[in-house]
Amino acid sequence: MTETNLVNHTHWDREWYFTTMDALVLSDQLFTEVLDELEKNEDANFCLDGQVSIVDEYVEIHPEALARIQKLVKAGRLFVGPWYTQTDALLPDAESIIRNLVIGINDTKQTYGQPMMIGYLPDTFGFNAQMPTLLSQVGIDNFIFWRGTNFKRQMNSVYFKWRGLSGKEVIAANFPFGYFTAQIDVASKRHLDQFVTKRFDPAAEFEATHAHNDEVLMPSGIDQMDIIKNISETIADLNRLSDNHTTISTYPKFIDKLRQRDDLPTYHGELRLPTYDRVHRTIGSVRHNIKMENVKLEQKILRRVEPLTVIAKANGVTIGNGLLIKLWKKLLECQAHDTLGGSVSDNVAVDIMHRFKEANEIADGIENMITKKLAEFLKLDDHSVLVFNTDPTDFDGVKSIDLVASSKRIVFDNATDAYIVKSHHYPVRHHILMMTPRGREFMDEPEYYQLTFKTHVTIPALGYKVLHFHESNQVSAEMKPIQTDELFLKLGSQKVSFEHGQLNYCDGQRQISDLIRLVDSGNDGDTYDYSPLANDVERDLAFQTAHLESAGVQQQLIVTGETSLPAALADRVTEDPELKPVHYQLTLNFNEQGLLTAKLDFDNQVCSHRLRLKLNGAIKTDAAIAQIQAGFVTTHNEPIDDDWLQEFVEKPVNLYNFDKTVSMTDSQHTLTFFGKGMKEYQQVDNRLYITLMATTSQLGKPNLAWRPGRASGDTTNQGHIMMPTPLAEEQGELTFEFALGLSDSGFSEQATSLAAQRWFAPSISYQLQQLNLFIHRLDNKIWETDEQPAINPEFSLLTLDKSLLVSAIYPAYTDSKAYIVRIQNPTREVVSLPAICQQAEIVDALEQPVDHDLIVDPYNMLTLKFNY
C-alpha cells in the first residue's frame, strides 16, 4: 500500500483566453469561499498557486480579508508565494527570474507572513538547466513541477535531485500527470469509485513504481478550481475505495519527507521533453512582438533605469524603491508562462502590450527625472550634453548622442569622429507664448534640428561626464548614399560584400558564401506551436539590390529584396494562389567590436508563415552552443524515431531556446549570433537557423503535424469554440536587430558573454534645452528647484575589472544607504573578485549576509552590497 499525500490547490492563470480582469472577478467568489472553508474546517489547507500577485489583487477588492489571510498563513494552512507571478522559465533573463522571487518573497513577508518557500511552477512549458542555480539565490532548495520529464531517458524517478550547471541542487518533485492528477471536483465526488479506479490509483501506482516510492505526492486542483469542501469526509470515502492510503498534506510537508531520503537519483540538464504532456517546443517564436518587447524592457530596467537610480542617489536625487518595484511588477505580469509564450487571445495580447506601454512610461519617466535633475544641478547650458555610463567599467568607444541645435554644423569639444545618423528639421514658429517674470510675452521661435550623432567618447565607470559642443562652419558628416560599384564593407581583415544576390564574407584566411539568407515557410500551427504545412517547402527570399551609405570613414551596406508570397495558408498549396508583395531591407555595418551588426526591416503582408534567418559560418559541426540564464549549454540534434508518438505526445523537434547568443564552432572558427528578442534556433546541415517570427490565425488548433490530437488552449474542449487571433498574424512593418561575430578561434564563454554585454550596452544622453520640451515626455513638468546640490562635472561611483560580467546594479531593497551589484560567472572557470569588492558585504539575493569567499563559482552568481 502506498501513502498518498494529497495537496489541495488551485492553479491560477492570470490570463489566457480570459483577461486578468476576468480572473479577478473569478477570484472574488473563489478566494472568499477558500477563506470561509478554511475557517470552517481546521483540518483543511490550501495552496494559492505559489504567486502572491493574485492575492494582492484580491485584497485590493477585499481589504477586510487581509487579517483573515494573515491568520491562516501564520497557522500554516494557507500557502502564498514565493513567486510574484508564475514565470516562464525559458524566455526571461536570469535576473528577471531572480527578481520575480525576490519581490514575491518580500511582498509576502511584508503583507501576509511567511511565504511558501517552494520552487513551485506547476504549468510552465519546460525549464532551463539553470533553475536550481537561480532558486538557490534566494535559499530555495526544492522544486515542484509538471512538464518536461522523460523517465526512460533522464532520471527514472518522479522524485530526484536536480543539479544546475553551477552544481547547486534542488530536491525535485514531478507531477507526471499534471497538477490535476487527483482533481477532486464535484463530478469526482459523485462518481468517486470511477475516479479511484480509473484515475487516482493508476496515477499513484505510476508514481510509486517510478523509483521505489512508498509515499507519493497527489495534487488536487485545476485551473480556477475551488477548495474541496469538507475534505476529511472526502478523504475517508477515498480511503474506503482506494488500494492506497491518503492523508491531507502540504507541499512543504512533502518536501520535508523527500529531504530525509538518501536514495534520490541526480539529474542535470534542461527539462523540456514532451513525454507525458506538451511543452510547446516552438512557442519561442509565437507572437514575436511580445518576446521583443520583453527583452527591450528587461534591458531598459537592468542597463538603464536601475544603474541610473544608483548614480542619481549618490548625487542627491532619490527615486523611491516603490516606483522601481512597480516597474518590475509590470514586467513580471508580462512573464507568466501563457503571457510571455503568447498562447493567449488577442484580447489578452492587447492587455499585455498595454502593460509594456505603462512600464516603459515609468522607466522613461524615471530616466527623464534623473537626467534632467542632474543636468540642473550641473547648471548646464544648451550647448552641453550629459552622457552616462551605467556599467561599472570605464567606457571608451562609440555612443549615440541626442541633441537639438540651430544648425547641423556641430563640433564636439571632447569627443571625436562624430557623424549624424538621424535628423529632423523644425521650421521657424511665429508669435510663440513665453511665461516670464514680467508676465506673458511673445516671440518668434527659431528653426532648429533634432539630431542623433554617433561619436567616440570616454565615460568613467558607473558615472557620467559632460560633453560640450559648438556650432561652426564645419559641415558635420552625415550618413548618405554614395555612388560606387564596389558594394562591400571592410573592417581590418573582415570584408562583407554583395555579389550576385548573395552576401559573402572573407577575413584573409577564409571565404564564406551566402552568409545571411532569409527563408520562409507556411505555418499550420497556432499560438502554442509552429507546425509545418503538408506539401509546403521552405523557400529562399532573395536579395536583389544593394547600395552603400557613408559618413566620413563610417559606412553601411543596405541590401533590399522584394518577392511575392502566398497571402494565406491555403494559398501555399493551391494551384492558383493569391500572392502578395513583400518588401524587406537589411542594413549592415561593422561596429567597433568587430561585430557585423544588422537591422532587418520586413513589411509583413501575408499570413500564417514562419520567417527565419539562415546563417552560414562555413563550420562543420553537429553541435550548437546556446547562452542560457547564467550559463551555456551545448545542444546536438537528437535522433527522432519514425514512431515517436509511441513515446511522446508532441514531436521532440530539434528546435531549442537561447538567451542573447547562440554559436557554432569547430575549434578553429566560430560563428556567434547575437539577438535582441529572438529566442529560438535550429541547426541543420552546418547552417544555423534563427526564427524571427511564426504567425498564426488561431489560439489553438487540433491535429498538428508535430502535435497530433486535441487542440491546446481548450478550443476543442466541450463547450469551447475555435478562437481566431488576427493580431497574432503580426501584419505591417516589423524590425529585427541582430549581430554576427565571426572569429578565427575556438568558442569562449567569457568572451561571448562580455561581447553580448557590450553589444547590449545603452547610449544615454541628456541636453538641458528649451526649444523642444517634448523630446522627453516629462521635461515641461519637472520644475527647477531653489536648493540644488553642487555636483562634479564628471563622476564615477564604482570601477570593476572589465573581465567581470555584472548582471544587475540597483538600490538595495533593505537598506536605503546601500546598493546591490550582482556578478554572474557564466563560465566553467572560477572568477576571483578584485580587492575593491572587500568594501562590500556578500549577501544572497534577499540581501541576507552569507559566508563566502571573494570568488564567483562556475556558472554561478555572487551578490554584493555596497554602501554609497
Side-chain angles (χ1 to χ4, degrees), residues 90-91 125-129 147-150 152-154 165 267-275 278-285 512 514-517 519-521 523 525 529-533 536-538 540 610-628 631-673 675 678-692 694 704-708 740 746-747 749 752:
L90 291 165
L91 304 178
F125 303 143
F127 305 93
N128 74 76
R147 304 175 191 264
T149 54
N150 184 302
K152 292 180 181 178
R153 298 174 182 242
Q154 294 171 328
L165 304 181
Y267 172 74
H268 57 88
E270 68 177 12
L271 293 168
R272 198 167 160 263
L273 286 175
T275 311
R278 299 163 176 179
V279 295
H280 307 298
R281 288 177 72 98
T282 53
I283 202 171
S285 54
I512 302 173
D514 208 11
L515 175 68
I516 304 171
R517 182 167 291 277
V519 292
D520 188 81
S521 63
N523 177 20
D529 288 294
Y530 163 80
S531 187
L533 176 65
D536 186 38
V537 294
E538 195 163 47
D540 292 343
R610 180 179 69 171
L611 181 68
R612 300 201 289 177
L613 294 170
K614 179 181 178 182
L615 306 175
N616 179 21
I619 296 169
K620 293 184 178 180
T621 178
D622 64 351
I625 304 171
Q627 186 173 11
I628 65 166
F632 289 86
V633 294
T634 299
T635 60
H636 301 266
N637 286 338
E638 301 293 338
I640 303 173
D641 294 336
D642 291 340
D643 61 346
W644 55 267
L645 265 173
Q646 299 300 311
E647 182 178 3
F648 299 101
V649 298
E650 167 192 344
K651 191 172 185 178
V653 291
N654 288 298
L655 286 111
Y656 298 92
N657 295 122
F658 70 100
D659 180 42
K660 300 181 181 67
T661 75
V662 60
S663 304
M664 295 171 59
T665 186
D666 59 8
S667 76
Q668 294 181 325
H669 305 288
T670 300
L671 166 70
T672 298
F673 173 85
M678 302 83 176
K679 294 290 183 179
E680 182 182 276
Y681 72 93
Q682 183 180 24
Q683 186 200 30
V684 181
D685 298 331
N686 300 314
R687 300 291 191 272
L688 189 62
Y689 289 77
I690 306 295
T691 310
L692 299 176
L704 303 184
W706 290 352
R707 200 193 68 207
L740 299 181
F747 176 78
E749 295 169 321
T752 302

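This structure is a prediction, so every number in the text was calculated from the model and none was measured.
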To check you understand the geometry: which heavy-atom pair defines the closest contact between [X] and [Y], and what is its length?
| X | Y | answer |
| --- | --- | --- |
| M664 | N686 | CE-O, 3.5 Å |
| E270 | A129 | N-CB, 3.6 Å |
| W706 | P708 | C-CD, 3.7 Å |
| T634 | A623 | CG2-CB, 3.8 Å |
| T670 | F747 | OG1-N, 3.4 Å |
| A705 | S531 | N-OG, 3.2 Å |

Hey, does [Y] have a side-chain heavy atom less than 4.5 Å from the side chain of [X]?
| X | Y | value |
| --- | --- | --- |
| I690 | L615 | yes |
| L165 | H268 | no |
| N150 | F648 | yes |
| W644 | D642 | no |
| F673 | L740 | yes |
| L613 | L688 | no |
| V279 | L273 | no |
| V662 | Y656 | no |

Rounded to the nearest 0.5 Å, what separation is found between the [atom1] atom of [X] and the [atom2] atom of [Y]?
| X | Y | atom1 | atom2 | answer |
| --- | --- | --- | --- | --- |
| T621 | H669 | OG1 | NE2 | 13.0 Å |
| F125 | L91 | CZ | CG | 10.5 Å |
| F632 | E749 | CZ | CD | 6.0 Å |
| E538 | Y689 | CD | OH | 6.0 Å |

Exercise for the section: Evaluate the side chain to side chain contact (heavy atoms under 4.5 Å, CB included) criterion for residues L671 and I512: first the C-alpha distance (whole Å), next the side-chain angles of each, then the deciding distance (0.1 Å), finally the verdict. Expected result: CA-CA 11 Å; L671 166 70; I512 302 173; over 6 Å; no
Does one side chain, of [X] or [Y], offer a donor that lies under 3.5 Å from an acceptor on the other?
| X | Y | value |
| --- | --- | --- |
| S285 | T691 | no |
| T635 | Y681 | yes |
| D536 | S521 | no |
| D622 | Q683 | no |
| Q682 | R612 | yes |

Problem - Residue pairs fulfilling salt bridge (charged side-chain N to carboxylate O under 4.0 Å, His left out) with at least one residue in residues 648-666, sequence neighbours excluded - result: D93-K660, D659-K679
Completion exercise
The side chain to side chain donor-acceptor pair (under 3.5 Å) partner of Q627 among T661, T672, T752 is T661
Practice task
Take N128 and N657 through the side chain to side chain contact (heavy atoms under 4.5 Å, CB included) test and state the conclusion after the steps.
Solution key: CA-CA 9 Å; N128 74 76; N657 295 122; over 6 Å; no
Problem - Criterion side chain to side chain contact (heavy atoms under 4.5 Å, CB included) on M678 and L692, from CA distance to verdict - result: CA-CA 6 Å; M678 302 83 176; L692 299 176; 3.9 Å; yes
Exercise for the section: Show your working on side chain to side chain contact (heavy atoms under 4.5 Å, CB included) between R147 and R272 and close with a plain yes or no. Expected result: CA-CA 7 Å; R147 304 175 191 264; R272 198 167 160 263; over 6 Å; no
Practice task
Walk me through it: do E647 and K152 pass the test salt bridge (charged side-chain N to carboxylate O under 4.0 Å, His left out)?
Solution key: CA-CA 10 Å; E647 182 178 3; K152 292 180 181 178; 5.8 Å; no
Handout entry: Residue D641 excluded, over 12 heavy atoms near CG under 6.0 Å
Key = yes
Exercise for the section: Measure from the side-chain N and O atoms of R687 to the backbone N and O of K614, and report whether any donor-acceptor pair falls under 3.5 Å. Expected result: no
